[in-house]
A.B. asks: 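Next up is a structure, given as structure tokens.
Heavy atoms only: backbone and side chains are in, while hydrogens, waters and symmetry mates are out.
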Amino acid sequence: MALFNFTRRASLALGLGLFATLSAGTAMAEGFPDRTITMVVPFAAGGSTDVVARIIAEKMSEDLGQQVIVQNVAGAGGNLGADNVARAEPDGYTILMGTVATHALNPLILKSTPYDPQKDFSPVSLLVIVPNVLVVNPELPAKNVQELIALLKAEPDKWSYASSGNGTPLHLSGELFNAMAGTKMQHIPYKGAGPALTDLLGNQVSIMFDNLPSSSGHIKSGKLRALAVTTAQRAPSFPDIPTVAESGVPGYETYTWNALFAPANTPADVVAKLNESANKALKDPAVAGRMKEFSATIVGSTPDELGAHVKAELAKWEPIVKGANIQME
């Protein structure tokens, strides 16, 4: 009898404790947010990720009734800011503006990454994708992708392509092109897109994969020739530029993407509220207009869809990274 009474009391205490925990989680979700939310951008101010973050944060602030402030935590190719969020309290008040670098490329390329891109985050929403573009100096004789491939195969040791640096999405765009088109362009890494563009414009290098927003002014002025965008669909801001896939490399697709993540184990109701607010921001006509100017395509996903997207990106890039033998400290 004494054992039965003890077991019953223990079970009752356990049940009450579980009820209290669930009630506390529900109460937190219902009252969320009641203070400022910090959106960490793991890169320096002024870049494309920072621009997207500030546009979204402004609208989320209006919707949630609390300030969503952008905090730039640059360093280690985005790892520093991402790790800060992975280690933050899972309460929804610290969130990350993640990218293909933080959640696909860095974990594959770097010898050591302080976080797991899938296990250490709660996906919130895939916000936008930003096309990359294959651009060449106008002096290059190739006028389209097929002519470029023919040129590269005819003179395999002559041609190189520029990117914004080793291990960047633009570098990997070129390696994927080599793998799928059967070409052997040599990679020339620069310390940022700016210096690479300078040499491309000066014909010091003839070919480059760049973010479309970065090259758009030079394309419009005729100083660069755009052969193709790297997304599956044509960019709304440049509807006359074909895709790489439709130009003779079927299945080719790369892009830069921005997505919101919370720390792992953030309550589902909190994640749902952040998701609803972020996707609502994307539907605002003013936001849509600014994103189009920026050459970004709006997505707005569910948390599960973002989780599946990260898994697919890791699977896509792993063989390219291994095939090109890209490894960085």
A.B. asks: Within the structure provided, determine whether Trp159 and Thr183 are in side-chain contact (heavy-atom separation under 4.5 Å).
C.D. replies: no
A.B. asks: side-chain hydrogen bond (donor to acceptor under 3.5 Å, both in side chains) for Asn258 and Thr99? Distances and angles first, verdict last.
C.D. replies: CA-CA 5 Å; Asn258 295 113; Thr99 69; 5.8 Å; no
A.B. asks: Do any N or O atoms from the side chain of Arg225 and from the backbone of Val136 form a donor-acceptor pair under 3.5 angstrom?
C.D. replies: no
A.B. asks: Look only at the side chain of Arg35 and the backbone of Tyr93, and say whether a donor-acceptor pair between them is shorter than 3.5 Å.
C.D. replies: no
A.B. asks: Please say whether more than 12 non-hydrogen atoms of neighbouring residues, nucleotides or ligands are located less than 6.0 Å from NZ in Lys143.
C.D. replies: yes
A.B. asks: When rounded to the nearest 0.5 angstrom, what is the spacing between CG in Leu151 and CD1 in Ile149?
C.D. replies: 11.0 Å
A.B. asks: Is there a donor-acceptor pair under 3.5 Å between the side chain of Gln66 and the backbone N or O of Leu64?
C.D. replies: no
A.B. asks: Same cluster for Met328 and Ile320 if Ile/Leu/Val/Met/Phe/Trp/Tyr side chains link at under 4.5 Å?
C.D. replies: yes
A.B. asks: Could you state the interatomic distance from CD (Glu313) to CG (Leu105), rounded to the nearest 0.5 Å?
C.D. replies: 8.0 Å
A.B. asks: Give a yes or no on whether Glu155 atom CD has more than 12 heavy-atom contacts from other residues, nucleotides or ligands under 6.0 Å away.
C.D. replies: yes
A.B. asks: Same cluster or not: are Leu306 and Met97 linked, directly or through other Ile, Leu, Val, Met, Phe, Trp or Tyr residues, by side-chain heavy atoms under 4.5 angstrom apart?
C.D. replies: no
A.B. asks: Is Tyr190 reachable from Leu134 through a run of I, L, V, M, F, W or Y residues, each pair having side-chain heavy atoms under 4.5 Å apart?
C.D. replies: no
A.B. asks: Can any side-chain N or O of Gln186 pair as donor or acceptor with the backbone N or O of Asp157 at less than 3.5 Å?
C.D. replies: no
A.B. asks: Between Asp284 and Lys280, is there a side-chain N and carboxylate O pair less than 4.0 Å apart?
C.D. replies: no
A.B. asks: To the nearest 0.5 Å, tell me how far Asn144 CG sits from Leu227 CG.
C.D. replies: 7.0 Å
A.B. asks: Could Glu253 and Lys316 be called an ion pair, given the rule that one side-chain N must be under 4.0 Å from one carboxylate O?
C.D. replies: no
A.B. asks: Mind listing the side-chain donor-acceptor pairs of residues 74-83 below 3.5 Å, one per line with the distance, residues two or more places apart or on another chain?
C.D. replies:
unit_1 : atom_1 : unit_2 : atom_2 : d
Asn79  : OD1    : Asn106 : ND2    : 3.0
Asn79  : OD1    : Tyr115 : OH     : 3.0
Asp83  : OD1    : Arg87  : NE     : 3.2
Asp83  : OD2    : Arg87  : NE     : 2.8

A.B. asks: State whether the number of non-hydrogen atoms from other residues, nucleotides or ligands found under 6.0 Å of Gln233 atom CD is greater than 12.
C.D. replies: no
A.B. asks: Do any N or O atoms from the side chain of Thr243 and from the backbone of Val229 form a donor-acceptor pair under 3.5 angstrom?
C.D. replies: no
A.B. asks: Out of curiosity, Leu170 CG to Asp210 CG, how far, rounded to the nearest 0.5 Å?
C.D. replies: 6.0 Å
A.B. asks: Quick one: OH on Tyr252 to OG1 on Thr231, what's the gap to the nearest 0.5 Å?
C.D. replies: 10.0 Å
A.B. asks: Out of Ser173, Ser214, Ser215, which one pairs with Asn132 under the side-chain hydrogen bond (donor to acceptor under 3.5 Å, both in side chains) rule?
C.D. replies: Ser173
A.B. asks: Please find the pair of heavy atoms, one from Leu212 and one from Ala235, that lie closest to each other, and give the distance.
C.D. replies: CD2-CB, 3.7 Å
A.B. asks: For the hydrophobic clusters of this structure (ILVMFWY residues joined by side-chain heavy atoms under 4.5 Å, transitively), does one cluster hold both Val133 and Val145?
C.D. replies: no
A.B. asks: What do you reckon, is CG of Asn325 surrounded by more than 12 foreign heavy atoms closer than 6.0 Å?
C.D. replies: no
A.B. asks: Show the numbers, then the answer: is there a salt bridge (charged side-chain N to carboxylate O under 4.0 Å, His left out) between Asp50 and Arg54?
C.D. replies: CA-CA 6 Å; Asp50 181 67; Arg54 292 180 189 279; 3.0 Å; yes
A.B. asks: Distance-only, no hydrogens or angles: does the Asn275 side chain make a donor-acceptor pair with backbone N or O of Ser301 under 3.5 Å?
C.D. replies: yes
A.B. asks: Using 4.0 Å as the upper bound for N to carboxylate O, is an ion pair formed by Lys59 and Glu62?
C.D. replies: yes
A.B. asks: Tell me if the CG atom of Asp116 is crowded by more than 12 foreign heavy atoms within 6.0 Å.
C.D. replies: yes
A.B. asks: Return yes if some donor-acceptor pair links the side-chain N/O of Ser122 with the main-chain N/O of Pro263 below 3.5 Å, else return no.
C.D. replies: yes
A.B. asks: Look at the rings of Tyr161 and His171 and say which category their plane angle falls in: under 30° parallel, 30 to 60° tilted, over 60° perpendicular.
C.D. replies: tilted
A.B. asks: Going by atom types alone, do Asn211 and Ser48 pair a side-chain donor with an acceptor below 3.5 Å?
C.D. replies: no
A.B. asks: In terms of hydrophobic clustering (I, L, V, M, F, W, Y; side-chain heavy atoms under 4.5 Å; direct or indirect links), are Ile207 and Leu176 co-clustered?
C.D. replies: yes
A.B. asks: Closer than 3.5 angstrom, by distance alone: can the side chain of Thr230 be matched with the main-chain N or O of Thr254 as a donor-acceptor pair?
C.D. replies: yes
A.B. asks: Should we say atom CD of Glu276 is surrounded by more than 12 heavy atoms from elsewhere, each under 6.0 Å from it?
C.D. replies: no
